Every structure is written in C-alpha cells, then in structure tokens.
Amino acid sequence: MTDDPTTPAAGTPVSKDAPVKPVTPAVPPNLGGKTTSAAVAPRRPAAAKKVADDTSPLLSRRHWLGLAWGSFTAASAAALAATGRFMFPNVLNEPPQQFKIGFPDEYVPGVDERWKVRYGVWIVRTPSDIVQEASGFYALISVCTHLGCTPNWLSAEVKFKCPCHGSGFRPTGVNFEGPAPRPLERARIVLAEDGQILVDKARKFQFELGQWADPESFLRS
Amino acid sequence: MDAIKDFFNFFADPRVFFLLTLTGFILMIWRRDVFTTPRVGYGLQVFLVLFFGLGLFDENFRLIVAKPDNVPIVGLVFLLLFFTWYSMRQAVLNDRRLDRGEPVEEKVEEDRVWVWPDLVYTELICLVLCSVVLIVWSIVLKAPLEQPANAAATPNPSKAPWYFLGLQEMLVYFDPWLAGVVLPTLIIVGLMAIPYIDTNPKGSGYYTFKERKAEISIFIFGFVVLWASLIVLGTFLRGPNWNFFGPFEYWDIHKLEALTNVNLSEYIWLQGVGVGLPSNWFVREFFGIVLLLLYIVALPVILARGVLKTYYEKLGPPRYCVGIFLFLMMLSLPMKMLARWLFNLKYIVAIPEFFFNI
C-alpha cells in the first residue's frame, strides 16, 4: 500500500510534484433521507448482515432504542414533576400579614415584645417620636437590615442588638452600631373600627426614604 | 492567677490581637533563620500546649475551647503553626544550600523515589492514626441536634460554621453585598489568577523563600494573618451580641461596649466643616468617593511609578493592573478593620438610598 503514491499512509511524506489521482470519484450518492453512514455503498451489505445477526427475534434495535428513550423521558418527567411538587408544600406556615394587637391602653410606654414570636414585630409606645414629634405607637419589624437575623431587645441597655454581626438599633429603630446600613423598618399601624390597633406588615416604611413621616407609619394617641 | 488571665484577656482585644499577629508575621519573615530552628518550633508548640492545657482549668476558657464545635480550631492552631514553621524551615535550608552553590534538597536525589518501605510505612502509620483519631473524636465529642428552627429566636451569638468565620468577620466591617458577594468572588478569582500573574519560574518543585520573597509573604499574609487568624478570632473571641470577649472572660450578655459607628461623611460634614449633612447624596459622599478613586485608580499608578516600578516593568501593564487590584482589595480588609477599631469609622461611602455602602 505504501508504495502506491496515490494513497499515502498517515505520516508518509508525499512529494508535491507527484501527480495525485483522485481515489474514487466524489459523487455523492442519493441518500434518500437515510443517514450518511448507512448510505456508504461498499459497507452496506456487510453492516446490514451484521445487524441482522445481532438482532434478537423479540426486540429489534429500533424498538429497544425507542423503549430506552421512552423510559428515560418518563423518568425525567417524573423527577421534574416531583421537583414541581415541592412548590406546593402540604403545610404552609405563613402568619397573616394583617393582625389586630389589642387596644391602645393595653400597652405601657416602651418596647413591647409580646408579638415578636408570633408576628415578628415589636410594638413601641413612645411619648415623642423622632420623626412625627408626637406621642403614639409604631411597629418595628424584627428583621435586622444587615443580613436578616432577628435582633434581641436588651431592656437594660435600651437597644436592639443583633447576635449575628453585632448591629445595634435604638428603640426608634435607628441603627447606631455594627454593620447595619439602615434603620429597622416600620410597619403600617392604624386603628381598626372596633378600636383595636391594626398592624399591616405588607406595607413597610423605611426611614432613609423619608417614609416614617407617613401618617400610617405611626399611630398618634 | 487572675493577673495571668487578665494578661491574656488584654491580648485578646482585637486591636492588640491583630497587632500581635502582624508582628508575629513580620518577625517570622524577617528573622526566619531564628524562627525555623527546632528550638523555636518546639518552644511555640509547647507554649500552645501549656496555654490550652492549663487554660482548661478556667471555667470560661473550658466552655469555649472544649465546645465540640470549636475543638477543630484548636487543632487548626497547632497544625497551621507546624506547617508554616515546617515549610519556612525547608525554604531556609534550601536557601542556605543555594547560597553555598549546592543543589536544593529536592534535586539531590531526583532520580529515585523512596517508596518501599519509607512511603508505604508512612502511609500505613498515617492511616492507622487518622482512623483512631476520627473514631475517638466521633465517640467522645457529641454533635447533637439543636431545637427546631425558630425565626424569632436567633442563637446568641450566632456563629457560622468555622470555615466561614473569616467571612462572618468581614461582614462586620463591610456592607453585605461587598463582604458576602464581591470579596469572596475576588478571593476565588484571585486565587485562580495567581498562576497567570506570578510567572516567576523559580521555586517550582522545591521550597525556597529567597527566590520568591514577595509571593510567599503576600500569600502568608492573606492566608495566615487574615483568613486563619480571623477564624481563630471569630471562634474564641466573639461572644454574645457579637461583642469581643477575652478567652478567660465571662460571656456577659449585658457587656456594654461603646460601638457607636460614624460614617466618613458625618465625620467631614458634622465634625469637620460643622454644617449639617447635605441632602444630595453625591455632595454628601463626595470626599468618600474621591478617597475611593484615589485608592483604586490613583494609588496603582503612583506605585507603578514609584515603589513598585521594578514589578511594573517585570509584569507588564495587564498583569500589574490585575495583581495590584487584587492586592489592594486584600489590604482593604485590615484597613477597614483598623479604621473601625480605632476611629469607629463605619462606611467610607454610605449611600443607603440605593444600597451602596463601602
């Protein structure tokens, strides 16, 4: 083979001057919708014969592939469905965003922690607010503005202190120590028809956006 | 006895602690021929054994150090010291050989590998010891489940897993998006970029310090002084309300520390100029932004023309820019920590209007 200049083996240098004859005329066969490998004329009889030998009488290669892909698709779909099922948990523990917290005269001046566990708010009654400059109530949401831990109310030090990175907030909610970049958020607080205080956590008021001046962020009394 | 405890508690103050690690680092690099003698190596390990061993008699110390979560960090202290000492020792010994004109130790017997019985026996012994240690550890130290998660009750102090304590410490000094996203990304990307920035072929396959002074010093500074010592600091010295406590100090939840933090803009406008804060955020933070640009843009240029001129010429502009940027980002952590501890400085640029605080 290597002596034949027209079909050089790999690695054999071929002189540029040598006349190169085309080995076979490069006429594309009429594929007729079949794959290229199947349409290569000289290999066809041998390949077909081999396939015929390997095929079991019960399950042809085509059927086996169909079955395999079918099961794979079914398994994938089932896994996807199971993942989708996680989006709908059996128990959804979402406390209501709007709730009544009793009558104003049930609160003494200062920070009240009774709704922290259940609703995640502190109710503060103050004789004079820093923004509204009036006496009344506001509801602080108990989520640290740094990374969302729940701060602790330290009554002796008169501050909220976050155990995760040491952010500290005054009873007004304004941050003064640690890394928290902005004050705690206040929730909407109004009087309901029956005279109880209604807190609505769906509406939040941020100090740095000037929202603490909103009449609904503070309940005058 | 109390005097000794007070002595160690004094060194646990973050400023002193950081100064101490920094001094140790400089001494280790500067007097490496002394540091790498067996006498100093054994001495430091014995001192640590005595410190932890005798310290266990103190109730407060025992509560922190013997806590199952924290035991790995005790091991980390010993191992880190040993491996730093060992690699420096190999480097110093090789440097001496190079000075004498001899080949480095790793190249002396390059043509053979000591497998049987040396390597195989070593591996067997390591295998047996590691299995024993892990089995004893898992039996003796408990890792119980805690109470069910409760959004209203965050444990106080709330500590990350030990390998994230350096990150948690960073979060105290930087805004979350910076300390939680940008800086960790830069650490990972920066580590990946090292082979492309540091193209010094020397030191490949053997220990040496003399031929790679800057590279090794920067790495030890970043890994030991910043990352590992912040893990130690976060494990042993952070207590309730994320306050600093000495190792022999009672974890008083009501410990009062004046930590009132002040932004740079407040320092300048309220205390410096004596007028109120400007309402426009750009005017308010102008000086902080200028300072930031000076640090990130102007400083590399000044350094390239001055102190780091040889490095700039050796590395070329692209490598130099990437390298110096990563280096300055690394240095921003200790600078920010010191600024917080010394001047109660909170943010250099503070624009809470759109969550941009640096």
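Every chain is numbered from 1 and lettered A, B, ... according to where its sequence line falls, protein lines coming before strand lines. Computed over heavy atoms, backbone and side chain alike; hydrogens, waters and symmetry mates excluded. All values reported here derive from a predicted model rather than from experimental measurement.
- Residues from residues 213-221 of chain A never place a non-hydrogen atom less than 4.5 Å from a non-hydrogen atom of chain B.
- More than 12 heavy atoms of other residues, nucleotides or ligands lie within 6.0 Å of CZ in B/F8, so this atom counts as buried by the packing criterion.
- When heavy atoms are compared at a cutoff of 4.5 Å, A/C162 approaches chain B solely by way of its backbone atoms N, CA, C and O.
- Contact between B/P155 and A/P163 at its shortest, heavy atoms only, is O-CB, 3.4 Å.
- Interface check for chain A: of the options B/T260, B/D175, B/N263, the most heavy-atom pairs under 4.5 Å are formed by B/T260.
- Residues of residues 173-191 of chain A that come closer than 4.5 Å to chain B, counting heavy atoms only, are A/N175, A/F176, A/E177, A/G178, A/P179, A/A180, A/P181, A/R182, ordered by residue number.
- Proximity to chain B among residues 125-158 of chain A is limited to A/H146, A/L147, A/C149, A/T150, A/N152, A/L154, A/A156, A/E157, judged by heavy-atom separations below 4.5 angstrom.
- Other residues, nucleotides and ligands contribute only 12 or fewer heavy atoms inside 6.0 Å of the CZ atom of B/F10.
- Using a 4.5 Å cut-off between non-hydrogen atoms, the part of residues 227-252 of chain B that approaches chain A consists of B/N241, B/W242, B/N243.
- Taking SG of A/C164 as the reference point, atom NZ of B/K159 lies at 12.0 Å (rounded to 0.5 Å).
- The environment of B/F343 atom CZ is sparse: at most 12 non-hydrogen atoms of other residues, nucleotides or ligands sit within 6.0 angstrom.
- By the neighbour-count criterion of 12 heavy atoms within 6.0 Å, atom CD of B/Q271 is densely surrounded, having more than that number from other residues, nucleotides or ligands.
- In this structure, the separation between NE2 on B/H254 and NZ on A/K161 is 13.5 Å, given to the nearest 0.5 Å.
- Environment of CH2 in A/W64: sparse, with no more than 12 heavy atoms of neighbouring residues, nucleotides or ligands closer than 6.0 Å.
- Using a 4.5 Å cut-off between heavy atoms, B/N357 contacts chain A through its side chain alone, with no backbone atom that close.
- Only the backbone of B/F174 comes within contact range of chain A, with heavy atoms under 4.5 Å apart.
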